[in-house]
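To start, the structure under review is shown below, and the notes come after it.
On a predicted model such as this, the values are computed, not experimentally measured, just so you know.
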Amino acid sequence: SVALSPANRQAALDAMAAAPLDVLVVGAGVVGGGAALDAATRGLKVALVEARDFASGTSSRSSKMFHGGLRYLEQLEFGLVREALHERELSLATLAPHLVKPLPFLFPLTKRVWERPYIAAGIFLYDQLGGAKSVPPQKHLTRHGALRLAPGLKRSSLIGGIRYYDTVVDDARHTMFLSRTAAAYGAHIASRTRVIGLLREGDRVTGAKVKDLESGKEFDILAKQVVNATGVWTDETQSFAGERGQFHVRASKGIHIVVPRDRIRGDSGLILRTEKSVLFVIPWGRLWIIGTTDTDRELSKDHQAARRSD
């Protein structure tokens, strides 16, 4: 990949303005960076612009996991889980082993008779769908074994546990590498470049008017195709076309609590059942990340914050 330096940024802006492109991607999160990389490796002339910084939105605020979605098995979403595990396997074994790392998770068992076979069957199916190719399969633990893995658990509430493996990833670094690799394949990449309008010829969108937020200059970028990869800002970007798009994004927020590692004894991640979904407790450097919620977003999309209810 290449460095996204100020000199490279200015050269990219000059190239965007100089000649028509095949593809202009708006938004440098994981989707935008991936779209730009895909297009660039196909030999297309590509530009990627981002109003703020790379991965500054959702793509740096995840639960730091590449996982297949164990909880989706209860919803019978087998195809979704299989596809996600396939992508996880590619990242872990081939595409980004320097960024994606295996991590043991403990599912604590608190109910006798039915819980162990039920959860074991779900994790077994998870493994069979692709979860245990580059990571160890599930392992059943007694109460003593579970406490050895996670000493911070309440002994009186525990009857045992099941350990399985998933993966963690530095999400922002992964997203940055997508954009840098796209640049290495010839894509023109620039952050701090905001789309302020779309160019049209009849019913077709033929490019975008952008503003360089560093210099204040405005210029046009011509492109055969414009890809809207702006996440929760999708509706606002679509509105520049002057018509209702096919997609409507209902913005939601997921809150994570971050606490020091010494507050919870243990090295394994935890997955716990809640009334509505599951709760992850994920070791992250000198911290634990605990989450997540899923509620409607009420505050500004640019400056989100947790409320007391969260």
Side-chain angles (χ1 to χ4, degrees), residues 1-60 95-96 98-99 170-242 245 247 302:
S1 60
V2 299
L4 300 175
S5 65
N8 289 345
R9 176 183 180 275
Q10 188 56 54
L13 291 172
D14 293 341
M16 294 178 199
L21 304 167
D22 295 312
V23 180
L24 169 63
V25 182
V26 183
V30 67
V31 174
L37 175 57
D38 185 285
T41 54
R42 296 173 189 270
L44 300 175
K45 298 178 181 177
V46 182
L48 172 65
V49 294
E50 163 61 45
R52 298 187 295 172
D53 200 358
F54 302 96
S56 59
T58 306
S59 296
S60 61
L95 297 177
H98 59 304
L99 299 176
D170 186 329
D171 51 0
R173 191 174 174 211
H174 175 268
T175 298
M176 170 67 83
F177 265 84
L178 286 174
S179 296
R180 288 178 59 181
T181 307
Y185 280 96
H188 309 305
I189 312 292
S191 61
R192 298 282 294 161
T193 306
R194 183 183 300 277
V195 170
I196 57 176
L198 294 176
L199 307 176
R200 299 187 60 165
E201 288 185 6
D203 294 333
R204 290 187 64 251
V205 173
T206 58
K209 179 179 288 294
V210 302
K211 181 176 182 178
D212 178 358
L213 299 181
E214 296 290 337
S215 67
K217 295 180 180 179
E218 298 179 5
F219 61 95
D220 293 345
I221 302 174
L222 298 178
K224 296 176 182 177
Q225 299 289 337
V226 177
V227 177
N228 179 3
T230 52
V232 294
W233 294 273
T234 292
D235 289 18
E236 287 85 342
T237 306
Q238 283 181 160
S239 69
F240 290 136
F247 294 100
D302 293 319

Kindly say whether Thr234 contributes a backbone atom to a donor-acceptor pair with the side chain of Asn228 at under 3.5 angstrom?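 Yes, because the side chain of Asn228 sits within donor-acceptor range (under 3.5 Å) of the backbone of Thr234.
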Keeping Thr193 on the side-chain end and Val49 on the backbone end, is there a donor-acceptor pair under 3.5 Å?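 Checked: no pair found.
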Would you indicate whether Tyr185, at its atom OH, is surrounded by more than 12 heavy atoms from other residues, nucleotides or ligands within a distance under 6.0 Å?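 Open: at most 12 neighbouring heavy atoms sit under 6.0 Å from OH of Tyr185.
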[X] to [Y] - nearest heavy-atom pair and separation:
X	Y	result
Leu198	Ala208	CD2-CB, 4.0 Å
Val227	Val23	CG2-CG1, 3.9 Å
Thr175	Ala28	CG2-O, 3.8 Å
Ala187	Ala40	CB-CB, 4.2 Å
Ser179	Leu48	OG-CD2, 3.5 Å
Ala39	Val46	CB-CG2, 3.5 Å

Got a second to check how far [X]'s [atom1] is from [Y]'s [atom2], nearest 0.5 Å?
X	Y	atom1	atom2	result
Met176	Ser60	CE	OG	10.5 Å
Arg52	Arg192	CZ	CZ	10.5 Å
Leu213	Ile196	CG	CD1	9.5 Å
Leu21	Lys45	CG	NZ	8.0 Å
Asn8	His188	CG	NE2	12.0 Å
Lys209	Leu199	NZ	CG	6.5 Å

Might you work through the side chain to side chain contact (heavy atoms under 4.5 Å, CB included) test for Phe54 and Leu178, ending with a clear yes or no? CA-CA 10 Å; Phe54 302 96; Leu178 286 174; over 6 Å; no
Between [Y] and [X], is there a side-chain heavy-atom distance shorter than 4.5 Å?
X	Y	answer
Arg9	Asp212	yes
Ser56	Glu50	yes
Leu99	Arg173	yes

Residue that, paired with Leu24, satisfies side-chain contact (heavy atoms from CB on, under 4.5 Å) out of Ile221, Val205, Leu222: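 Going through the options one by one, the only one that passes is Ile221.
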